[in-house]
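Presented below is the structure to which this report refers.
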Amino acid sequence: MRLDHVRRLSGPNVYLARPVAIARLDLQGLTGHETTDHPGFAERLVDALPGLETHHCSAGRPGGLLAAMARGTYFGHVTEHVTLELSGLIGREVFFGRTVRAGGPSEYDVILECPRDEPSGSTVVEMLIALALRAVTGALAGTVPDLSADLARIRAAHEGERLGVSTSALARAARRRDVPVRRVGDLNLLRLGYGRHRRTVWAAMTDGTSAIGMEVAGDKRLAHRVLADAGVPVPEGRVAASPAEALAVLREIGGPVVVKPLSGHQGEGVHIELTEPAEVVAAFASAAGDEGEVLVESYIPGKDYRVLVVGGRVVAAAELTAACVTGDGSSTVAALVARVNADPARGEGHDRPLTRLALGPTELGLLARQGHGPGSVPAGGERVWLRRNANLSTGGTSRDVTDETHPEVAEMCVRAAATVGMDVCGIDLRLPDIGAPPPADRGAAGILEVNAAPGLRMHLAPHEGAGRDVAGDIIDLMYPAGTPSRVPIVSVTGTNGKTTTVRMIAHMLELDGRRTGMTSTEGVFVGGRLVHLSDASGPRSAEMVLGDRSVDAAVLETARGGIVRRGLGYDRADVAVVTNVTRDHLGMDDTETVDDLAEIKALVAEEVRPGGHLVLNAADPATARLAERPVVRERAPEPRYFAPSPDAPVLVDHLRDGGVGYYAEHGWLTEARGDRKTRILPVEDVAGSFGGHAAHVVADALAAVAAARALDVPVDVVARALRTFDPHTRNPGRGCVYRVGENPVLVDYAHNPAAVAAVGALVARRWRGDAVAAVTLPGDRSDELVGETARALAATFGRVVVYEDEDLRGRRSGEMTRLIVQGLREVRPDVRAHPAGDLKGAVTSALDIAAPGEPVLLLYEKLQPVLELLETLGAEPLASESPGPPDEAAAEAPPSGAGGRSSSTVADSSASTTIPSSQ
């Protein structure tokens with residue numbers, strides 16, 4: 001077997017609402033083989049990896065995988081389970097896996113769940129799959145190799161890139177509160193919330209943490225002074241710039257003393273309970289560092305405590321015990337240390353609730369002062385200290401004492417946090433008993449340090465006592481009860497009309513006073529301004545908009561390619577819109593039918609929030625059926641349908657049941673709710689619809705209206721937005737008309753059969769005469785789809801200039817021209833096809849062929865070169881509306897009345913009127 005490639009889907013995807021990795025395997029010589037074809041294989045594999053016995057597989061119970069191998073299953077499926085087992089062995093707990101056929105007969109896709117916050121650049125899953133292949137092929141060959149060394153290497157890589165304990169707890173707490181979470185790169189930095197409600201947190205430091213407070217807390221000398229000036233009890237002491245000055249402080253305040261760096265963390269360089277001058281001199285050399293100064297302060301007897309203050313209140317307190325072992329009368333110190341370190345709760349650094357004990361120079365020195373060494377055997381019950389300072393980072397332990405904390409101690413800690421100016425901080429203090437009022441005697445109690453970005457391990461999972469949801473307290477500080485963390489999201493997918501619909505919705509929301517972020521195939525826009533030029537219809541662009549703290553609402557074009565290759569860039573939209581599902585992209589990414597495409601686009605419908613809104617095209621069967629999916633019915637049980645007319649059967653049934661629908665009737669865009677109708681705008685007034693001749697634009701407008709109304713945009717604002725939706729400024733490249741000399745040139749992005757047919761129908765209705773087309777089509781479509789698109793083009797155009805885009809998308813030069821011309825002639829043998837080398841040649845040829853006044857349709861791949869060419873030709877933008885309504889609209893137009901409108905309306909065509917459905 002061979003691993004071909006791995007791709008990651010970091011957002012909700014067609015397999016799972018959580019991230020997955022998809023590994024393409026080539027079974028090569030194992031193609032068609034099953035486990036039963038290789039006697040002894042399953043037994044050898046399970047002997048090497050006993051945990052496989054518990055795998056459920058499709059049976060839904062332990063032993064399911066064993067049963068499947070006994071019946072006979074293929075080796076891609078076995079590799080899936082082995083990878084999941086190896087993942088669990090390194091502490092990377094994921095459970096979902098699936099194996100499906102892909103590509104050729106020997107190729108399979110193994111879909112594997114990934115931890116939510118695993119960095120996108122992680123290679124751990126690739127390493128696990130590679131090791132799984134070694135295990136499977138080894139079992140086939142007769143012996144599974146020793147995997148322990150490789151597992152240790154992969155475990156180290158996983159531990160090195162996973163979120164720290166504190167940050168991981170914050171991510172979980174945020175998700176429990178339905179706050180969106182995104183990890184930034186491979187950092188312990190989280191982006192919480194969407195748009196204007198976005199916040200950031202780095203470990204236990206929030207974006208509201210005072211920079212001045214951080215500086216004060218990080219400078220022990222300054223913190224000591226600030227606290228003392230406020231009357232908060234602190235140890236007596238001062239700064240020493242030399243060993244002599246340190247000894248002077250010892251003589252001045254008397255021993256014992258503590259010597260510590262002026263700045264530092266995790267107890268590094270801190271020496272406590274020193275009484276002898278030699279100890280102070282040695283401690284100075286250790287703690288001075290590059291600064292050349294230390295803080296020498298009086299040692300306060302008692303117990304060590306850490307109190308966590310969040311938002312002006314104590315949320316947790318822990319009693320800390322320094323690293324130590326307890327003798328049993330027979331084991332050496334080294335053996336006792338190894339026994340303690342065998343606890344799975346202990347790890348390196350901060351990756352586990354506790355840190356492993358060490359036997360380094362500091363520990364050995366302290367052992368010697370107690371008369372011990374690594375090989376000595378302490379008496380039973382004897383406590384042997386490895387460290388003097390009680391810090392979890394050096395192997396210490398914690399006991400929860402939150403409920404024991406005396407109110408006066410809590411008040412002292414809250415005052416200290418407020419004095420320094422910290423929203424979240426850890427207070428280190430010493431006193432005889434946290435359950436009693438602080439002693440009044442000078443030097444009997446005091447705050448040792450105020451810690452910015454405090455570690456949460458000791459409170460989340462104390463060695464003794466109950467864990468505290470301190471991460472939740474921090475999230476609640478950032479998002480108090482009732483505070484939103486999200487902005488409204490509209491996600492639009494479909495084959496055709498996505499970009500126009502997205503732009504219409506964004507315009508409606510902007511006119512409603514909401515600063516809107518929008519993604520589309522033309523780029524990322526915020527507040528109507530382009531901020532990022534690209535094909536921005538994928539998850540990265542969605543994340544860009546949702547990370548913008550100025551955004552009140554987001555409208556996201558969500559294309560098939562982004563869904564397939566990376567998943568969604570958001571979770572749970574408020575409104576999901578599916579415009580249609582037609583033949584396009586078939587043959588790409590293993591999609592062979594329209595149902596395959598619908599399955600991909602269904603993700604947008606399913607990833608709507610509970611109680612959210614779903615907008616579906618009632619006239620498109622593949623789209624309308626999405627409402628029947630179980631997840632959709634559960635989350636959006638009352639979809640909003642739209643259709644060109646009220647006669648669509650799905651829409652008729654929906655309205656009969658009291659649902660909400662949108663359609664064109666008697667020349668008006670109409671909203672129906674039960675037995676009431678609201679006229680929104682005359683169809684002919686929809687900007688860009690060519691007076692209603694562009695049926696596809698009218699359909700896009702109906703979809704946009706349905707989405708905007710779901711977000712409570714008033715009818716008059718919706719109508720005004722549609723009237724002012726000028727294509728040249730708000731929908732460039734879609735149905736834009738220019739005058740070049742005596743000819744109108746219609747520029748459009750149609751590039752599949754349905755879109756080309758719609759544009760062709762527009763040209764036939766609007767200009768009612770002969771027309772010329774200058775066309776190119778994307779080269780990454782199948783030959784069959786290119787031919788079908790060309791045949792749709794031939795239904796309207798008898799004169800066609802064919803050119804090829806600069807990006808051939810894997811095609812040979814001239815290949816696309818041949819396919820397009822072939823498709824044209826299958827429908828119209830008399831078609832006059834004119835090959836042209838490039839865009840400029842095509843437009844020039846089309847204008848030369850066209851008679852004065854005849855329209856020219858220009859289909860393109862990249863808009864900017866088209867605009868630049870038109871400018872050189874002196875093109876002038878033209879309004880897209882025709883002089884009057886389309887034939888169908890004219891036939892259905894209401895009788896004239898005041899202002900030329902129906903007597904049931906007011907003169908202002910942007911106003912709406914609610915009328916009984918019987919009218």
Side-chain angles (χ1 to χ4, degrees), residues 496 498-500 502-503 519-525 529-538 541 557 559 561 584 688 726-741 743-752 755-756 759 763 771-781 786 789-790 793 797 799-817 819-821 833-850 855-878 880:
N496 294 316
K498 298 187 298 296
T499 299
T500 298
V502 159
R503 288 168 168 172
T519 68
S520 75
T521 51
E522 302 302 329
V524 177
F525 295 77
R529 293 184 176 274
L530 178 68
V531 298
H532 180 66
L533 178 64
S534 71
D535 180 351
S537 57
S541 305
E557 181 172 346
D584 197 3
D726 173 56
H728 292 285
T729 57
R730 301 197 179 277
N731 200 24
R734 268 70 175 173
C736 294
V737 183
Y738 299 83
R739 181 169 295 282
V740 180
N743 300 93
V745 176
L746 172 63
V747 177
D748 202 272
Y749 185 61
H751 57 279
N752 57 54
V756 165
V759 174
V763 172
V772 179
V775 305
T776 187
L777 293 175
D780 57 359
R781 303 314 197 262
V786 172
T789 306
L793 192 69
F797 301 91
R799 293 167 292 167
V800 181
V801 179
V802 183
Y803 72 100
E804 293 186 344
D805 189 66
E806 291 182 3
D807 183 1
L808 297 179
R809 301 195 189 188
R811 294 282 189 174
R812 296 186 303 274
S813 178
E815 186 178 4
M816 286 298 294
T817 298
L819 289 171
I820 294 171
V821 171
H834 305 264
D838 57 11
L839 171 67
K840 181 177 181 181
V843 173
T844 303
S845 297
L847 290 170
D848 289 342
I849 294 169
V856 173
L857 170 66
L858 174 58
L859 302 185
Y860 67 92
E861 272 297 293
K862 297 289 187 295
L863 179 59
Q864 192 57 36
V866 171
L867 298 178
E868 293 171 358
L869 175 60
L870 290 174
E871 184 177 1
T872 64
L873 295 175
E876 298 178 1
L878 294 179
S880 62

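Residue numbers run from 1 in the order of the sequence given. Just so it is clear, the structure is predicted and the values come from calculations on it, not from any experiment.
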Evaluation steps, side chain to side chain contact (heavy atoms under 4.5 Å, CB included), between Glu861 and Glu806:
CA-CA 9 Å; Glu861 272 297 293; Glu806 291 182 3; over 6 Å; no
* Verify side chain to side chain contact (heavy atoms under 4.5 Å, CB included) between Glu804 and Thr817, making sure each step is shown before the conclusion. => CA-CA 7 Å; Glu804 293 186 344; Thr817 298; 3.4 Å; yes
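Classified by interplanar angle (parallel below 30°, tilted 30° to 60°, perpendicular above 60°), the ring pair Tyr749/Tyr860 is tilted.
Between the side chains of Asn731 and Thr500, at least one donor-acceptor pair of N or O atoms lies under 3.5 Å.
Using a 4.5 Å cut-off on side-chain heavy atoms (C-beta onward), Leu777 and Met816 make contact. Side-chain contact between Glu557 and Lys498: present, with at least one pair of heavy atoms (C-beta onward) separated by less than 4.5 Å. You'll find the side chain of Tyr738 stays beyond 4.5 Å of the side chain of Leu873, heavy atoms only. For the pair Leu859 and Thr776, the minimum side-chain heavy-atom distance is 4.5 Å or more. Using a 4.5 Å heavy-atom cutoff, the side chains of His834 and Ser845 are not in contact.
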Hey, can you pull the donor-acceptor pairs under 3.5 Å for the side chains in residues 529-536, sequence neighbours left out?
{"residue": "His532", "atom": "NE2", "partner": "Ser534", "partner atom": "OG", "Å": "3.4"}
{"residue": "Asp535", "atom": "OD1", "partner": "Ser537", "partner atom": "OG", "Å": "3.1"}

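Other residues, nucleotides and ligands contribute more than 12 heavy atoms inside 6.0 Å of the NZ atom of Lys862.
Thr844 places no side-chain N or O within 3.5 Å of a backbone atom of Gly841 that could act as its donor or acceptor partner.
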